[in-house]
Amino acid sequence: MANSKKCKHSACSCMAREGSDYCSQYCEDSKGTTSLNCHCPHDGCSGHV
Ligand SMILES: [Zn+2]
Ligand SMILES: [Zn+2]
């Protein structure tokens, strides 16, 4: 149960990586910005357009 947090990117629906608040480098780099879509490399993400 070490990896049960959701990614903190506002538009991202993925689970965060272990030891991080974000699922990917993309999301981590996006912190502090308000983005309506997500470009992380995960296929299941609902933030993709
Ligand atoms: Zn995402
Ligand atoms: Zn994410």
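Both ligands and their constituent atoms are indexed starting at 1 by order of listing.
- Not a single donor-acceptor pair under 3.5 Å links the side chain of Ser46 to the backbone N or O of Ser13.
- With sequence neighbours left out, the ring pair (Phe, Tyr, Trp, His ring centres under 6.0 Å) criterion links His48 to no other residue.
- One distance of note links NE2 of His9 with NZ of Lys6; it measures 9.5 Å at 0.5 Å rounding.
- The salt bridge (Lys or Arg N to Asp or Glu O under 4.0 Å) check on Asp21 picks up Lys5, Lys8, with sequence neighbours excluded.
- Any protein N/O/S atom under 2.8 Å from the Zn ion (ligand 1) was counted, giving 4 altogether.
- A search for ring pair (Phe, Tyr, Trp, His ring centres under 6.0 Å) contacts involving Tyr22 returns nothing, not counting sequence neighbours.
- The OG atom of Ser24 sits 11.0 Å away from the NE2 atom of His39 when rounded to the nearest 0.5 Å.
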